[in-house]
Amino acid sequence: MAGTARTASLATPPTRSGPLVVQPLRKRHCAGCRRGPLALLVVEGGVPRCLDCVDLGHLVFLPRGDTALTRRAREESGLSAVVVRFDRRRGRYERQGVLVEEAGLARAEERCLADAEARRRRRVRDAVRRAAQDVRFTEAFAAEIRRLFPGCPEARARAVAAHASARGSGRVGRSAAGRALSEGAVVSAVVASVRHVDTPYDQLLMSGVPRHEARRRISVGVEGVLRGWREGGVQTEKREEAEADVPANAEAG
C-alpha cells in the first residue's frame with residue numbers, strides 16, 4: 001500500500017517538466033492493456049499505465065549524465081518526459097533521465113558534435129594558460145625561498161618550489177597561504193624538503209620509528225641545514241665586501 005501511495009502521489013506532474021514517467025521498484029502491469037511487468041509507467045487516475053497507452057511509446061530513453069545533450073534533446077523534441085525512480089535510502093524520487101523523440105535526439109547529438117571541436121580548442125587554451133600561471137608561480141615561490149634562505153642552491157630552490165606548488169597536489173604551495181607566498185608556507189616547504197633529502201628521516205620511518213619520534217631525532221640536522229642556508233647569504237656578502245676592500249695593487253703583488 002505504501003508503494004501504491006507513493007506512485008499515486010506522482011499523478012500530477014510538474015507543469016514545467018511535462019509528463020512524468022516512473023521506473024517502478026516492483027513489478028507492475030498496465031491497468032489498460034494489462035501488459036507487464038512495466039519498465040516504465042505513467043500514473044493516470046491513480047493507476048499505472050504503459051507508455052503506449054498514454055501515447056509516449058514512440059519516445060526513446062536518454063539517461064542522465066550529459067547535461068548539454070539532455071538540454072538540446074528536449075529543445076529538439078516537441079514532446080518529452082522526465083523519468084524518475086524512488087530512492088528508498090533518501091526517501092525521495094531521483095531523476096534518471098528523459099524520454100525524447102528519436103529524431104530530436106539525433107539532431108541534439110549532431111549539435112553536440114558540431115561544437116565538440118570548439119570545446120577541445122578551449123580546453124587546450126585553458127591548459128596553456130594554467131601552465132603559464134604555474135610557471136610564474138613556481139618562479140615566484142623559488143625566488144621567495146632564495147630570499148629567506150640565500151644560501152640555498154638555486155637548483156634546489158627551484159626543485160622545492162616545483163614540488164610544493166604542483167597543481168592538484170594539495171601540498172603547502174597550493175594552500176591559500178602558499179599562493180600568498182606567506183613566510184610560514186615557504187619555510188614549511190623548505191623544511192619538508194630538507195627532512196626528506198638531507199636527513200635519514202625516510203629510513204627511520206621505513207624501519208618502524210614513529211613519525212613524531214623520527215622528526216625529533218632529525219630536528220638538529222634539519223635546523224643545521226636551514227641555519228647554513230640562512231647564513232650563507234651573509235657569509236657571501238662578507239666575502240664580497242672583503243674582496244672589494246683589497247687594493248688592486250695588493251692583488252697584483
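These values consider heavy atoms only, across backbone and side chains, with no hydrogens, waters or symmetry-generated copies.
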For this session: Kindly write out the residues that satisfy side-chain hydrogen bond (donor to acceptor under 3.5 Å, both in side chains) with Arg123, not counting sequence neighbours, or none if the list is empty.
Result: none

Exercise. Counting only N and O atoms by type, is there a donor-acceptor contact under 3.5 Å from the side chain of Ser175 to the main-chain atoms of Gly178?
Worked result: yes

For this session: Taking atom CD of Glu183 as the centre, report whether more than 12 heavy atoms of other residues, nucleotides or ligands fall under 6.0 Å from it.
Result: no

Exercise. Does one hydrophobic cluster hold both Val84 and Val43, with members joined at side-chain heavy-atom distances below 4.5 Å?
Worked result: yes

Exercise. Is the number of heavy atoms from other residues, nucleotides or ligands within 6.0 Å of CD (Glu102) greater than 12?
Worked result: no

For this session: Check whether any side-chain heavy atom of Val190 sits under 4.5 Å from a side-chain heavy atom of Leu226, and report yes or no.
Result: yes

For this session: Sequence neighbours left out, what pairs pass side chain to side chain donor-acceptor pair (under 3.5 Å) with at least one residue falling in residues 137-147?
Result: Thr138-Ser165, Glu144-Arg147

Exercise. Name the one of Arg216, Arg211, Arg215 that satisfies side-chain hydrogen bond (donor to acceptor under 3.5 Å, both in side chains) with Glu213?
Worked result: Arg216

Problem set entry | Pairing residues for Arg122 by the salt bridge (Lys or Arg N to Asp or Glu O under 4.0 Å) criterion, not counting sequence neighbours | none

Exercise. Of all residues at least two apart in sequence or in a different chain, which pass the ring pair (Phe, Tyr, Trp, His ring centres under 6.0 Å) check with His29?
Worked result: none

Exercise. Which value, rounded to the nearest 0.5 Å, describes the distance between Leu69 atom CG and Arg64 atom CZ?
Worked result: 15.5 Å

Exercise. Are Val225 and Ile145 connected, step by step, through hydrophobic side chains (Ile, Leu, Val, Met, Phe, Trp, Tyr) whose heavy atoms are closer than 4.5 Å?
Worked result: yes

For this session: Check the pair Cys112 / Arg72 against side-chain contact (heavy atoms from CB on, under 4.5 Å), numbers first and verdict last.
Result: CA-CA 8 Å; Cys112 287; Arg72 288 173 172 175; 3.6 Å; yes

Problem set entry | ring pair (Phe, Tyr, Trp, His ring centres under 6.0 Å) against Tyr201, all qualifying residues, sequence neighbours excluded | His196

Exercise. Does Glu75 have any salt bridge (Lys or Arg N to Asp or Glu O under 4.0 Å) partners at least two apart in sequence or in another chain, and if so, which?
Worked result: Arg71, Arg111

